[in-house]
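Working notes, structure below.
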Amino acid sequence: MTLRPFLVTGVDFVSVPTRDLSVTIEFYEKTLGLERSALWQRPGDEPMGAEFETGTVTIAVMAVDRLGIPFQPHRVPIAFHVDDVAAARATLEASGVRFRGETIDSGVCHQALFEDPDGNLLDLHHRYAPKAERPDAAAT
């Protein structure tokens, strides 16, 4: 068997659809505190997207109607790493963010689900169990 080099070598960005780019930019920049690194705009035209840095993967919010794509929010979460889910949740709740139920303790991580202004599902996530201690570690 000949080993081939990986075709895919990383993830450049994750796309997040929006109907109102200015509201979404404010949410990701001001409420979540992410650094905006780019604004997609042709000269003399309205912006059609913006990029935000998380430290590992860029989040690209896109005015999908301007790209000819019908709007549909993400229904599975994008998990944002935080050091303390309870503290991050309290900070966001103080800013008016509403969460979907209680914080989840899966046995290996804490998670708290919420939505951005367009209904895209997001997740505050903190893995507290080292990989060797995870219940499925022997299977991987």
*Measure from the side-chain N and O atoms of R36 to the backbone N and O of Y28, and report whether any donor-acceptor pair falls under 3.5 Å.*
no
*Apply side chain to side chain donor-acceptor pair (under 3.5 Å) to E35 and list each qualifying residue two or more places apart in sequence or on a separate chain.*
none
*Are T18 and D20 close enough that a side-chain donor and a side-chain acceptor fall under 3.5 Å?*
no
*Answer yes or no: does atom CD of E53 have more than 12 heavy-atom neighbours from other residues, nucleotides or ligands under 6.0 Å?*
yes
*asked:* Applying side chain to side chain contact (heavy atoms under 4.5 Å, CB included) to D45 and R66, what does each step give before you reach the verdict?
replied: CA-CA 11 Å; D45 205 355; R66 307 246 1 262; 3.1 Å; yes
*From D12 CG over to T9 OG1, what is the distance, rounded to the nearest 0.5 angstrom?*
7.5 Å
*Indicate if L124 and V57 have the same hydrophobic cluster label, given that clusters are the connected sets of ILVMFWY residues with side-chain heavy-atom separations under 4.5 angstrom.*
yes
*Among residues two or more places apart or on two chains, list those pairs meeting side-chain hydrogen bond (donor to acceptor under 3.5 Å, both in side chains) that have a residue in residues 81-90.*
H81-D83, R89-E93, R89-T103
*asked:* Let me check something: do V82 and L113 share a hydrophobic cluster, defined by ILVMFWY side-chain heavy atoms less than 4.5 Å apart, either directly or through other members?
replied: no
*Aromatic ring pairing F13/W40, orientation class (parallel under 30°, perpendicular over 60°, tilted between)*: perpendicular
*What are the two closest heavy atoms between P73 and P17, and how far apart are they?*
CA-CG, 4.2 Å
*Would you check, one step at a time, whether the test side chain to side chain contact (heavy atoms under 4.5 Å, CB included) holds for F27 with V61?*
CA-CA 11 Å; F27 178 80; V61 297; over 6 Å; no
*With sequence neighbours excluded, what pairs up with S15 under the side chain to side chain donor-acceptor pair (under 3.5 Å) test?*
none
*Approximate separation, where rounding is to 0.5 Å, of L39 CG and M48 CE*: 9.5 Å
_Which residues pass the salt bridge (Lys or Arg N to Asp or Glu O under 4.0 Å) test with D118, not counting sequence neighbours?_
R19
*Applying the 4.5 Å side-chain criterion to the ILVMFWY set and letting contacts propagate, would I78 and V97 be lumped into a single cluster?*
yes
_Exam field: side chain S106 to backbone V108, donor-acceptor pair closer than 3.5 Å_ = yes
*Could you tell me which non-hydrogen atom of L21 sits nearest to which non-hydrogen atom of G49, and how far apart they are?*
CD2-N, 3.5 Å
*asked:* Exactly one of T24, L122, N120 should register a side chain to side chain contact (heavy atoms under 4.5 Å, CB included) with V16. Which one does?
replied: N120
*To the nearest 0.5 angstrom, please state how far the CZ atom of F114 sits from the CG atom of L121.*
8.5 Å
*Do T58 and E51 meet the criterion of a side-chain donor-acceptor pair at a distance under 3.5 Å?*
no
*asked:* List the residues meeting ring pair (Phe, Tyr, Trp, His ring centres under 6.0 Å) with H110, not counting sequence neighbours, and say none if there are none.
replied: Y128
*Set of residues satisfying ring pair (Phe, Tyr, Trp, His ring centres under 6.0 Å) with respect to F80, sequence neighbours excluded*: none
*Is it true that E115 and R75 have a side-chain N and a carboxylate O under 4.0 angstrom from each other?*
yes
*Do F71 and M62 belong to the same hydrophobic cluster, where Ile, Leu, Val, Met, Phe, Trp and Tyr are linked whenever their side-chain heavy atoms lie under 4.5 Å apart, directly or via other members?*
yes
*Are V76 and V64 connected in a single hydrophobic cluster, I mean Ile/Leu/Val/Met/Phe/Trp/Tyr linked by side-chain heavy atoms less than 4.5 Å apart?*
no
_Other residues, nucleotides, ligands: >12 heavy atoms within 6.0 Å of E26 CD_ = no
*Could you state the interatomic distance from CD1 (I59) to OG (S37), rounded to the nearest 0.5 Å?*
10.5 Å
_Looking at H125 and Q111, would you say the former's side chain and the latter's main chain have a donor-acceptor pair under 3.5 Å?_
no
